[in-house]
S.K.: 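Here's a structure for you.
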Amino acid sequence: MRTLYVTDLDGTLLDNRSLASDSSQLMLNRAVERGAMFTVATARTPATVDTLMRGIDMRLPGVVITGCAYYDFRHRRLLDPRVMKESAADRLVGEWRESGLSAFVYTINAEGILEVYHIGPLSDLERTFISERDKTPVKRFYVPESGESVLPSRLDNVMLFFGLQPTEPAHELYEKLKAEMSGAEIAPQFYHDIYGDAIGELEIFPAGVSKASALEKLASDLAADRLVVFGDNVNDIPMMRLADEAIAVANAKEDVKAVATAVIGPNTDDAVARFILNETL
């Protein structure tokens with residue numbers, strides 16, 4: 001049986017320092033050497049995924065930007081990027097400015113490099129976010145100190161709008177966009193992650209984009225006949241519902257555990273790597 005193992009990163013494979021521990025790296029490399037088909041599905045972009053997975057033998061493409069693209073770890077390039085309709089991107093800029101919130105706008109250029117712009121004033125959290133991700137081979141930020149970027153004349157290559165804002169106003173904007181644009185124009189997501197419950201993460205993708213849809217294609221391309229998925233947060237639920245086996249880590253949110261077929265140890269105990277290695281022994 002050809003099993004494809006796919007894990008989320010933050011809160012699932014990665015520990016509380018947002019790193020894959022030495023033990024996890026060792027166990028995953030042993031599993032891959034024994035023939036395990038292993039990859040990741042994450043909201044992160046290649047700029048951070050490439051660094052985080054550097055110690056692991058990543059032979060398969062990973063699902064990045066929540067399914068907007070795949071990432072070829074061996075050749076360090078994006079594959080099959082998805083972009084939203086220009087009219088939808090133009091409207092989202094107006095909606096964000098009307099809300100008074102700020103957002104990052106991720107575009108992709110002809111060379112496959114992510115170019116990131118910003119709407120609204122910069123918060124300290126956003127400055128830190130940029131500093132941790134700037135000056136990488138696959139991502140460039142065009143964000144002045146004021147925070148208000150000069151956007152491209154045409155927004156025909158936008159992959160993602162991403163907001164890190166206080167929960168209440170961010171959720172209000174999410175509900176508005178979901179009601180008015182979701183479906184044919186956009187795929188919105190709202191959740192809390194590594195920044196805690198006070199900060200809402202609002203992500204707007206092209207219509208039809210999800211980890212689940214990207215994984216379904218990847219599993220088909222690899223002729224996998226069993227899909228095992230690991231997750232911890234609500235944005236993992238669609239791909240967990242797709243899987244033959246949906247594994248939640250012990251620290252997962254209760255909604256995630258409710259759809260899981262099994263619950264294993266926490267992300268701080270190398271639980272994902274140990275599960276995969278044990279299945280290959």
Side-chain angles (χ1 to χ4, degrees), residues 1-44 49 52-53 55-67 70-71 73 189 191-194 210-281:
M1 182 173 289
R2 290 175 59 82
T3 298
L4 176 60
Y5 299 96
V6 183
T7 182
D8 172 58
L9 289 182
D10 291 287
T12 306
L13 176 66
L14 305 185
D15 61 22
N16 290 349
R17 301 168 298 160
S18 291
L19 296 173
S21 72
D22 291 343
S23 296
S24 280
Q25 293 182 41
L26 179 63
M27 285 188 279
L28 288 171
N29 285 335
R30 286 184 62 195
V32 170
E33 286 174 8
R34 296 178 62 86
M37 295 196 300
F38 167 76
T39 193
V40 300
T42 178
R44 287 181 178 261
V49 175
L52 290 169
M53 306 304 289
I56 300 171
D57 185 4
M58 298 298 295
R59 302 182 184 183
L60 302 180
V63 174
V64 295
I65 322 177
T66 311
Y70 302 95
Y71 182 62
F73 287 93
Q189 290 190 3
Y191 58 97
H192 298 101
D193 205 350
I194 59 176
S210 69
K211 289 182 181 180
S213 60
L215 275 187
E216 188 171 28
K217 181 179 184 303
L218 182 62
S220 176
D221 290 347
L222 295 171
D225 47 27
R226 176 174 175 249
L227 178 61
V228 179
V229 168
F230 304 85
D232 78 303
N233 211 332
V234 293
N235 62 333
D236 298 321
I237 289 176
M239 71 172 181
M240 295 178 77
R241 285 180 170 149
L242 174 72
D244 297 292
E245 294 188 43
I247 314 297
V249 286
N251 53 285
K253 294 185 180 297
E254 291 304 316
D255 288 349
V256 177
K257 292 179 180 178
V259 302
T261 56
V263 178
I264 57 176
N267 66 313
T268 53
D269 193 32
D270 305 309
V272 170
R274 184 174 293 106
F275 181 100
I276 295 172
L277 179 59
N278 284 344
E279 286 215 340
T280 69
L281 295 177

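Heavy atoms only: backbone and side chains are in, while hydrogens, waters and symmetry mates are out.
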S.K.: I would like to know whether I56 and N29 meet side-chain contact (heavy atoms from CB on, under 4.5 Å); could you show each step before the answer?
M.R.: CA-CA 6 Å; I56 300 171; N29 285 335; 3.8 Å; yes
S.K.: Drop me the distance from M53's CE to Q25's CD, to the nearest 0.5 angstrom.
M.R.: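 Interatomic distance, M53 CE to Q25 CD, rounded to 0.5 Å: 8.0 Å.
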S.K.: Is there side-chain contact between D8 and M239, with at least one heavy-atom pair below 4.5 Å?
M.R.: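 They are in side-chain contact.
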S.K.: Work out which heavy atom in M27 is nearest to a heavy atom in A273; give both atom names and the distance.
M.R.: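 Of all heavy-atom pairs spanning M27 and A273, the closest is CB-CB, 4.0 Å.
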S.K.: Applying side-chain contact (heavy atoms from CB on, under 4.5 Å) to V272 and I276, what does each step give before you reach the verdict?
M.R.: CA-CA 6 Å; V272 170; I276 295 172; 4.0 Å; yes
S.K.: Is D10 reaching over with its side chain to a backbone N or O of S18, donor-acceptor style, under 3.5 angstrom?
M.R.: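 The answer is no, because no donor-acceptor pair under 3.5 Å joins these two groups.
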S.K.: Working to the nearest 0.5 angstrom, can you tell me the gap between N233 CG and Y191 OH?
M.R.: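 These two atoms lie 7.0 Å from each other.
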S.K.: Does atom CZ of R274 have more than 12 heavy-atom neighbours, drawn from other residues, nucleotides or ligands, at distances under 6.0 Å?
M.R.: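 Enclosed.
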S.K.: Nearest 0.5 Å, please: how far is CG in D269 from OG in S24?
M.R.: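 With rounding to 0.5 Å, OG (S24) is 9.0 Å from CG (D269).
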S.K.: List the atom of V256, the atom of A248, and the distance in Å for their closest heavy-atom pair.
M.R.: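 It is CG1-CB, 4.1 Å.
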S.K.: Could you report the tightest heavy-atom contact between L277 and A31, atom names first, then the distance?
M.R.: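 Closest heavy-atom pair between L277 and A31: CD1-N, 3.9 Å.
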S.K.: Just one of T7, D57, L60 clears the side-chain contact (heavy atoms from CB on, under 4.5 Å) bar with F38, so which one?
M.R.: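 It is T7, the one option of T7, D57, L60 that forms the side-chain contact (heavy atoms from CB on, under 4.5 Å) with F38.
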S.K.: Is the shortest heavy-atom distance from the side chain of L218 to the side chain of T39 under 4.5 Å?
M.R.: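 Yes, their side chains come closer than 4.5 Å.
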S.K.: Take atom CD of E216 as the centre, draw a 6.0 Å sphere, and report whether it contains more than 12 heavy atoms from other residues, nucleotides or ligands.
M.R.: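 Counting other residues, nucleotides and ligands, CD of E216 stays at 12 neighbours or fewer.
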S.K.: Looking at every heavy atom in both F73 and P61, which two are closest together, and how far apart are they?
M.R.: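 Where F73 meets P61 most closely, the heavy atoms are CE1-C, 4.4 Å.
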S.K.: Taking the side chain as everything from C-beta on, heavy atoms only, tell me whether L13 gets closer than 4.5 Å to L28.
M.R.: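 Side chain of L13 against side chain of L28, heavy atoms only: contact under 4.5 Å found.
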S.K.: If we ignore hydrogens and angles and just use 3.5 Å, is the side chain of N278 paired with the main-chain N or O of F275 as donor and acceptor?
M.R.: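 No; zero donor-acceptor contacts below 3.5 Å.
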S.K.: Which heavy-atom pair separates A20 from L14 by the least distance, and what is that distance?
M.R.: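 Shortest heavy-atom contact: N-CD2, 3.5 Å.
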S.K.: Do E254 and K257 sit within salt-bridge range, that is, some charged N less than 4.0 Å from a carboxylate O?
M.R.: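 Yes, E254 and K257 are salt-bridged.
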S.K.: Looking at side-chain heavy atoms only, is the closest gap between Y70 and V63 below 4.5 Å?
M.R.: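 Side chain of Y70 against side chain of V63, heavy atoms only: contact under 4.5 Å found.
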S.K.: Working to the nearest 0.5 Å, report the span between CG of L222 and OG1 of T3.
M.R.: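 Nearest 0.5 Å value for the CG-OG1 distance: 12.0 Å.
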S.K.: Compare every heavy atom of D244 with every heavy atom of R226, then report the nearest pair and how far apart it is.
M.R.: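 Result for this residue pair: CA-OD2, 3.3 Å.
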S.K.: Could you check if a side-chain atom of N267 sits within less than 4.5 angstrom of a side-chain atom of N16, using non-hydrogen atoms only?
M.R.: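 With C-beta onward as the side chain, the pair touches.
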S.K.: Please tell me whether D270 and S21 have a donor and an acceptor in their side chains that are separated by less than 3.5 angstrom.
M.R.: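 There is such a pair between these side chains.
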S.K.: Charged N to carboxylate O below 4.0 Å: is that the case for K253 and D255?
M.R.: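 The answer is no: the pair does not qualify as a salt bridge.
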S.K.: Within the structure provided, determine whether L19 and L52 are in side-chain contact (heavy-atom separation under 4.5 Å).
M.R.: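 Result yes, sub-4.5 Å side-chain heavy-atom pair found.
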S.K.: Can you confirm whether I247 sits close enough to T261 that some side-chain heavy atom of one is under 4.5 Å from a side-chain heavy atom of the other?
M.R.: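 Counting from C-beta outward, I247 and T261 do come under 4.5 Å.
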S.K.: May I ask you to test the R34-L281 pair for a side-chain heavy-atom distance under 4.5 Å?
M.R.: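 Touching, per the 4.5 Å side-chain cut-off.
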S.K.: Using a 3.5 Å distance criterion without hydrogens, assess whether the side chain of D15 forms a donor-acceptor pair with backbone atoms of R17.
M.R.: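 Yes, because the side chain of D15 sits within donor-acceptor range (under 3.5 Å) of the backbone of R17.
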S.K.: One pair to check against side-chain contact (heavy atoms from CB on, under 4.5 Å): L215 and L242. What are the steps and the verdict?
M.R.: CA-CA 9 Å; L215 275 187; L242 174 72; 4.2 Å; yes
S.K.: Report the C-alpha distance between V40 and M58 in whole Å, list the side-chain angles of each, state the deciding distance to 0.1 Å, and finish with yes or no for side-chain contact (heavy atoms from CB on, under 4.5 Å).
M.R.: CA-CA 9 Å; V40 300; M58 298 298 295; 4.2 Å; yes
